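Per chain, numbering begins at 1; letters A, B, ... match sequence-line order. In this text the structure is predicted, and so the values were computed from the model without any measurement.
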Amino acid sequence: MWTSGLKIYKLMQRTKVADLLRSNEIGKTFTVKGWVRTRRGNKKVNFVALNDGSGINNLQIVVDMDQFDEALIRRITTGAALSVEGELKESLGSAQKVELHARKIEVLGDCDPEKYPLQPKKHSLEFLREIAHLRFRTNTFGAITRIRHAMIFAVHQFFNQKGFYNIHTPIITASDAEGAGEMFQVTTLDLENPPRNEENKIDYSKDFFGKPTNLTVSGQLEGELAALAMSEIYTFGPTFRAENSNTSRHLAEFWMIEPEMAFYDLNDNMDLAEEFLKYLIQYALDHCMEDLQFLSKRLQEEEKNKKASERSMELIEKLKFVLENQFVRLTYTEAINILENSKPNKKGKFQYPIQGFGTDLQSEHERYLVEKHFKKPVILTDYPKEIKAFYMKLNEDNKTVRAMDVLFPQIGEIIGGSQREEDYGKLVQRMREMNIPEEEMWWFLDTRRFGSVPHSGFGLGFERLMLFVTGMTNIRDVIPFPRTPKNAEF
RNA sequence: UCCUCAGUAGCUCAGUUGGUUAGAGCGGCGGACUGUUAAUCCGUAGGUCGUAGGUUCAAGUCCUACCUGGGGAGCCA
């Protein structure tokens, strides 16, 4: 799948498996290097499935048993690393078009089959999480890893094409005013014996930065600074939340994409969010089809014991469905009306009943709107100011703010964003109402004092996008090394 | 953090109202097979039943605490 397009392989010492599988250079000699998935066969002939991560499909190596030492053959076990030189031939088998008939085999790295945890059989995702250092070697994680790369690349390509600048916002921050959740503290102080001041409080003036610092929970505020000069920017960086969240949708360390655009109002913001998501999904369909097909089959296999009504939509169909349909846009107030008059609310089926304007929407409500009522992605806007962040622009009604949440089936909130409050006076007033310390935020407020303009932005949780695109159901399976409460292994 | 379910062989699981020597499939190993596709067939090894207490003549099974994992909720992306 990841091919040069040109015949670069002829210049290299080895050929990638994916390139070879698409090649029709029958009769020529190639060298491949990779890891053994399985070996099978008889006294006369053995078949080795070799994979080097270049694609979901393995290369079949045909080994004529007469031509090789039995001792060498015995070392070709699941997980072993090989270098194989041989002749490309049309395959007699039906599962692949071509195969490599081995002339020279070198075992680069042995793999003891009694100890190697990955066996040529199905493993549970939970087990693979415990051996995350090896799970790249499975079909599923190979596919996810390739798709993840493609999505990272597509994010940058999308914004680059639109003239956005990528900004590296700080990972260590002294600002605790973002209000986006619990933070991880960063310190070089001796925790066993920290320096103390006269009041016997910890003396942070002795800390590395001379004040308390944390890992960032969002690059948005710094992103706004850049946008109010560069017009359109985006960040794509790691984000840290020390929430004790134990769900299949939360990580303590995740990657977030945060575009911030000067001169965009809320509608422009929604247009961009929808175009962005559709671009990424289209990119996956255009560049990752084999991996998507594999994941689709995997998902259907996993769900075959479920009732038909509980099975998810076929993965590729689902992705196309999102591409082909406009996201539904409605206000929070309209959503509350729909929910109040909905069957589950009237029948008391909601765990949290809808109690008019001001009710914070629970995930059961969001799921009802997306999965039952509209049956397509929904963008909710204009939430009550009390349940949203201080920086969101206040509407004329003085009750709601220009927030937007993009809700996806199964995942819930995939994007959260808003038009920002650009009016200095209104922003300061909101900060006071919500007890945000103005003094610490002087640099943020300066943008509203000097040449302030309407602007907007949003945050996309990258792993939540990955959940949607891959059809995986646990966020720990779409990031190589998940960090969650009580888990920082590897 | 709360609710809920689970933890038995390398993996996935079964194990009856508590009863004597804890089972299966897959994987591993040995063998058979002239082209296999997670090959097939025959044979074989492999267990401190999550940890610590408790109840009982007797605990994989019952009770308590803790640990770990799954699902759901909250917080959110």
Side-chain angles (χ1 to χ4, degrees), chain A residues 37-49 57-66 74 77-79 89-96 99 101 111-131 138-139 178-182 217-220 237-258 273 301 350-352 360-367 387-389 405-408 411-417 458-468 473-477 479 484-487 489:
Chain A
R37 288 294 173 80
T38 61
R39 175 169 67 88
R40 53 182 175 266
N42 52 49
K43 265 185 186 160
K44 192 86 180 158
V45 61
N46 264 216
F47 302 94
V48 178
N57 296 310
N58 303 322
L59 177 67
Q60 172 153 285
I61 311 287
V62 182
V63 183
D64 185 343
M65 299 294 270
D66 294 339
R74 280 178 180 281
T77 58
T78 298
K89 290 190 178 179
E90 280 183 44
S91 179
L92 299 177
S94 55
Q96 60 281 314
E99 59 195 18
H101 287 244
C111 187
D112 184 345
E114 300 228 17
K115 292 179 183 149
Y116 188 54
L118 284 173
Q119 303 148 354
K121 58 162 291 198
K122 215 175 165 80
H123 289 294
S124 68
L125 295 169
E126 291 84 2
F127 173 66
L128 293 176
R129 258 171 243 156
E130 292 169 16
I131 52 165
T138 63
N139 286 331
E178 285 147 353
E182 293 293 312
V217 291
S218 165
Q220 179 197 318
T239 308
F240 307 89
R241 305 264 167 102
E243 300 286 347
N244 193 6
S245 295
N246 293 287
T247 79
S248 53
R249 295 183 301 282
H250 291 86
L251 292 165
E253 176 182 293
F254 63 100
W255 292 73
M256 189 155 64
I257 298 138
E258 295 179 288
E301 189 72 17
F350 284 142
Q351 196 188 334
Y352 299 88
D360 206 353
L361 296 181
Q362 306 294 322
S363 59
E364 59 178 342
H365 306 135
E366 295 178 349
R367 291 188 70 141
I387 59 174
K388 287 292 180 186
D405 283 2
V406 181
L407 308 178
F408 262 34
I411 291 155
E413 188 180 338
I414 194 167
I415 279 179
F458 60 81
L460 168 69
F462 184 63
E463 283 75 20
R464 292 208 178 156
L465 171 82
M466 282 295 297
L467 283 179
F468 187 75
T473 53
N474 193 313
I475 203 161
R476 292 158 199 191
D477 296 330
I479 187 167
T484 52
K486 299 280 182 290
N487 184 12
E489 192 73 43

Quote, to the nearest angstrom, the C1' distance that separates B/C42 from B/U4. 46 Å
How close do A/Gly79 and A/Cys111 get, counting heavy atoms only, and between which atoms? C-CB, 3.5 Å
Check side-chain contact (heavy atoms from CB on, under 4.5 Å) between A/Pro120 and all other residues, then give those that pass, not counting sequence neighbours. A/Thr38, A/Thr78
Distance between C1' atoms of B/C5 and B/C41 (Å, rounded): 40 Å
Any donor-acceptor N/O pair under 3.5 Å between B/A77 base and A/Arg241 side chain: yes
Sugar-phosphate, base or nothing in reach of A/Glu253, heavy atoms under 4.0 Å: nothing
Same-atom distance (C1') from B/G60 to B/G23, integer angstrom: 12 Å
Looking at A/Arg74 and A/Arg39, what are the two nearest heavy atoms and their distance? CA-NH2, 4.2 Å
Classify the nucleic acid contact of A/Phe127 as base, sugar-phosphate or nothing, counting any heavy atom under 4.0 Å across all strands shown. sugar-phosphate
If you restrict it to nitrogen or oxygen atoms, what contacts under 3.5 Å exist between nucleotides 5-8 of chain B and the protein, and what is each distance?
none

Does B/U12 have OP1 or OP2 sitting under 4.0 Å from an N or O in the side chain of A/Ser124? yes
Does the structure show A/Phe47 stacking with B/G35, if we require the centres to be closer than 5.5 Å and the planes to be within less than 30 degrees of parallel? no
Exercise: identify the closest heavy-atom pair between A/Leu467 and A/Ser248: CD1-O, 4.2 Å
Could you tell me how far B/G53 sits from B/C67 if I compare only their C1' atoms? Round to whole Å. 15 Å
Identify the heavy atoms of A/Glu463 and A/Phe254 that sit nearest to each other, and give their distance. OE1-CB, 3.3 Å
A/Ser91: partners by side-chain hydrogen bond (donor to acceptor under 3.5 Å, both in side chains), with sequence neighbours left out: A/Gln96, A/Glu99
Mapping A/Leu92 and A/Met256 to their closest nucleotides on RNA chain B, which lands nearer the 5' end? A/Leu92
Quickly work out the A/Leu128 CG to B/U12 C1' distance and round it to whole Å. 12 Å
Does B/U36 have OP1 or OP2 under 4.0 Å away from a side-chain N or O of A/Asn46? no
Take A/Met65 and A/Asn46 through the test side chain to side chain contact (heavy atoms under 4.5 Å, CB included) and record every step on the way to the result. CA-CA 7 Å; A/Met65 299 294 270; A/Asn46 264 216; 3.5 Å; yes
Could you tell me how far apart A/Leu125 (CG) and B/U12 (C1') are, to the nearest whole angstrom? 13 Å
Could you tell me whether A/Leu251 contacts a base, only the sugar-phosphate backbone, or nothing, with contacts defined as non-hydrogen atoms closer than 4.0 Å? base
Using the C1' atom as the reference point in each nucleotide, state the distance between B/C26 and B/A39 in Å, no decimals. 14 Å
Looking only at atom P, what distance separates B/G70 and B/U16, rounded to whole Å? 27 Å
Classify A/Ile415 by what it touches in the nucleic acid, base, sugar-phosphate, or nothing, heavy-atom distance under 4.0 Å. sugar-phosphate
Atom P, compared across B/G28 and B/U17: separation rounded to whole Å: 37 Å
Flag side-chain contact, heavy atom, 4.5 Å: A/Glu301 against A/Lys122: yes
Base-paired stems in RNA chain B, each at least three Watson-Crick or G-U pairs under 3.5 Å: B:1-7 with B:67-73, B:10-13 with B:23-26, B:28-32 with B:40-44, B:50-54 with B:62-66
A/Leu407 CG to B/A77 C1': how many Å, rounded? 12 Å
Going 5' to 3' through nucleotides 66-74 of chain B and flagging B where a protein heavy-atom sits under 4.0 Å of the base, S where only the sugar-phosphate is that close, and - otherwise, we get --S-SSBBB
Note: for A/Arg464 and A/Arg40 on RNA chain B, the residue whose nearest nucleotide lies more 5' is A/Arg40
Side-chain (A/Glu364) to main-chain (A/Gln351) donor-acceptor, under 3.5 angstrom: yes
To check you understand the geometry: which heavy-atom pair defines the closest contact between A/Ile411 and A/Arg249, and what is its length? O-CD, 3.3 Å
Tell me, for nucleotides 25-32 of chain B in 5' to 3' order, what letter each nucleotide earns: B for a base near a protein heavy atom under 4.0 Å, S for only sugar-phosphate near one, - for neither? BBSSSSSS
Using the C1' atoms only, state how far B/G15 lies from B/C57, rounded to an integer number of Å. 23 Å
Please confirm whether the backbone N or O of A/Gly219 pairs with a side-chain atom of A/Glu258, one donor and one acceptor, at under 3.5 Å? yes
How close or far is atom P of B/A77 from atom CG of A/Asp405, stated in whole angstroms? 8 Å
Is atom CD of A/Glu126 surrounded by more than 12 heavy atoms (other residues, nucleotides or ligands) closer than 6.0 Å? yes
Do the ring centers of A/Tyr352 and A/His365 come within less than 6.0 Å of each other? no
How long is the line joining CZ of A/Arg37 and P of B/A39, in whole Å? 12 Å
